[in-house]
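Structure record follows, encoded as C-alpha cells.
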2 protein chains.
Amino acid sequence: MDKKILFNKCITLLTSVHRVTHELTQNAKSESITPVQYKILEYITVSQPVTPSDISDCQHMSMSNTSRELKKLSEKNLIKKISDTEDRRKQYICLSKDGEALMNEAFAKVELRFLDRIRNASKEDLQEIDRALDILQTKLFY
Amino acid sequence: MDKKILFNKCITLLTSVHRVTHELTQNAKSESITPVQYKILEYITVSQPVTPSDISDCQHMSMSNTSRELKKLSEKNLIKKISDTEDRRKQYICLSKDGEALMNEAFAKVELRFLDRIRNASKEDLQEIDRALDILQTKLFY
DNA sequence: CCTTTTACTTATCATTTGATAATTAATGAT
DNA sequence: ATCATTAATTATCAAATGATAAGTAAAAGG
C-alpha cells in the first residue's frame, strides 16, 4: 500500500466532502444567523449540553469571541444558559425551543438533499456506503 | 438499510472530516495569505489552469470578490494570469514558481500529519481505508 | 452595424470574524 | 487568608469577507 497514493486519494475526498457539504447545507440555515453562529448551533445540537469552553475548543475560536457569539445567540432566543450548581463559574448551553425549531428545519432540508443524493443507490450500494462510513470514521477520521 | 441512520452516520462523518481537516491543515498555510486565498490556491493547484469564472463557481464567491482576491495573489507573485489567444476576455490562472513553492510546503506539512495519523494502521487497515475512500468518492461524494 | 451577452475589473460599503487587553467572579492551592 | 488559576465577559480594534453597483473590453447574434 503506497501511502503517498493514499494521501492523495484522501485529499481528493476531503475536497469532495467540503464541496458536497456546501451543496447539502446551502440555504439550509436561517438567514437570521451568521455562518459561525450556525456552526456553533450545529455543535450544540449534536453535543448538548456544552460549556462555552467546549465550544471555544471545538470550534477553534477564542473564549472572548465565543462569548460574544453566544451572547448574540442568546439575544436571538436560540440558546439557554444554565449555571452549574457545583462550580458557579461554569455554564451549560442548550438549545431553546426556538433554537431546536431552527435546527430541525435546517437538518430537514439537509436530509432531503442527502436522500436525493443517494436516490439511485441500490441496496448493495447503501450497504457498501454504510460500511465505508464506519471504516473511515474509526480508522481515519477518529 | 435505514436511510435515516445512514444520514446520521454521514453527518457524523462530515463533522469528523471537518475537524480532521482543520487538524491537518492548521498552520500549514503561509501567514502571508488569508484563508480564502489559501482555498483559491488549493483549487488552482489541483485544477490548473482555471479561469476566474471557474474559481468563482467552485469557491462560491462572486466574480468581483474573486477578481479582488486574484489581484492580491497576483501582487504577491503567487499566480500568473495568461490571456486566452482565441477569446481575449478569458484568462487562465496558474501558480507561479513562488506559488508552487508555497503550496508544496503547505502540502508537505499536511502529508506529514496525515502519515502520523495512519502511523499505527496495519496493512489490512490501509487496504480497508483505501477501499472505503474509493466507495465514498464514487457513490456518495461524487 | 447594432444590440446583447459574456468575462472580468474597480470601487465602495456593511458585516463578520479574529485578535488583544482588561475585568469579574468563583474556585483551588498553600 | 492570600495568591494563583479557571471560566466567562466586555470592550475595542483591525482585517477579512460578502454584497452591490457601475464600468471596460471582447465576442456573439441578429
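Reminder, nothing fancy here: chain letters follow the sequence lines and each chain counts from 1.
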Open item on the list: Base, sugar-phosphate or nothing for B:K39? Non-hydrogen atoms, less than 4.0 Å.
Closed with: nothing
Task: Protein proximity profile, nucleotides 14-24 of chain D - base contact B, sugar-phosphate-only contact S, no contact -, cut-off 4.0 Å on heavy atoms - done: --SBBBBB---
Open item on the list: Strictly below 4.0 Å, N to O, side chains only: are A:K39 and A:E42 in salt-bridge contact?
Closed with: yes
Open item on the list: Between P on D:dT10 and CG on A:L70, what's the gap in Å once rounded to a whole number?
Closed with: 11 Å
- [ ] Write down the distance between CD1 (A:I82) and P (D:dA8), rounded to a whole number of angstrom.
- [x] 13 Å
Task: N-O pairing of B:E111 and A:K3 below 4.0 Å - done: no
Open item on the list: Could you tell me if the side chain of A:F141 sits less than 4.5 Å from the side chain of A:L14, heavy atoms only?
Closed with: yes
Task: Ring geometry between A:F114 and B:F7 (parallel below 30°, tilted from 30 to 60°, perpendicular above 60°) - done: tilted
Open item on the list: Let me confirm one number: the NZ-CG distance from A:K139 to B:D125, rounded to the nearest 0.5 Å.
Closed with: 3.5 Å
- [ ] Answer yes or no: is there a side-chain heavy-atom contact under 4.5 Å between A:Q91 and A:T51?
- [x] no
Task: Pairing of A:D116 and A:R119 as salt bridge, 4.0 angstrom limit - done: yes
Open item on the list: Any carboxylate oxygen within less than 4.0 angstrom of a Lys/Arg side-chain nitrogen, looking at B:R89 and B:D87?
Closed with: yes
- [ ] For A:Q59, report the nucleic acid contact type (base, sugar-phosphate, nothing); a contact means any heavy atom under 4.0 Å.
- [x] nothing
- [ ] Between B:R89 and B:K71, just flag the one whose closest nucleotide in DNA chain C comes earlier from the 5' side.
- [x] B:R89
Open item on the list: Going 5' to 3' along DNA chain C, which are the first and last nucleotides with any atom under 4.0 Å from a heavy atom of chain B?
Closed with: C:dT6 to C:dT12
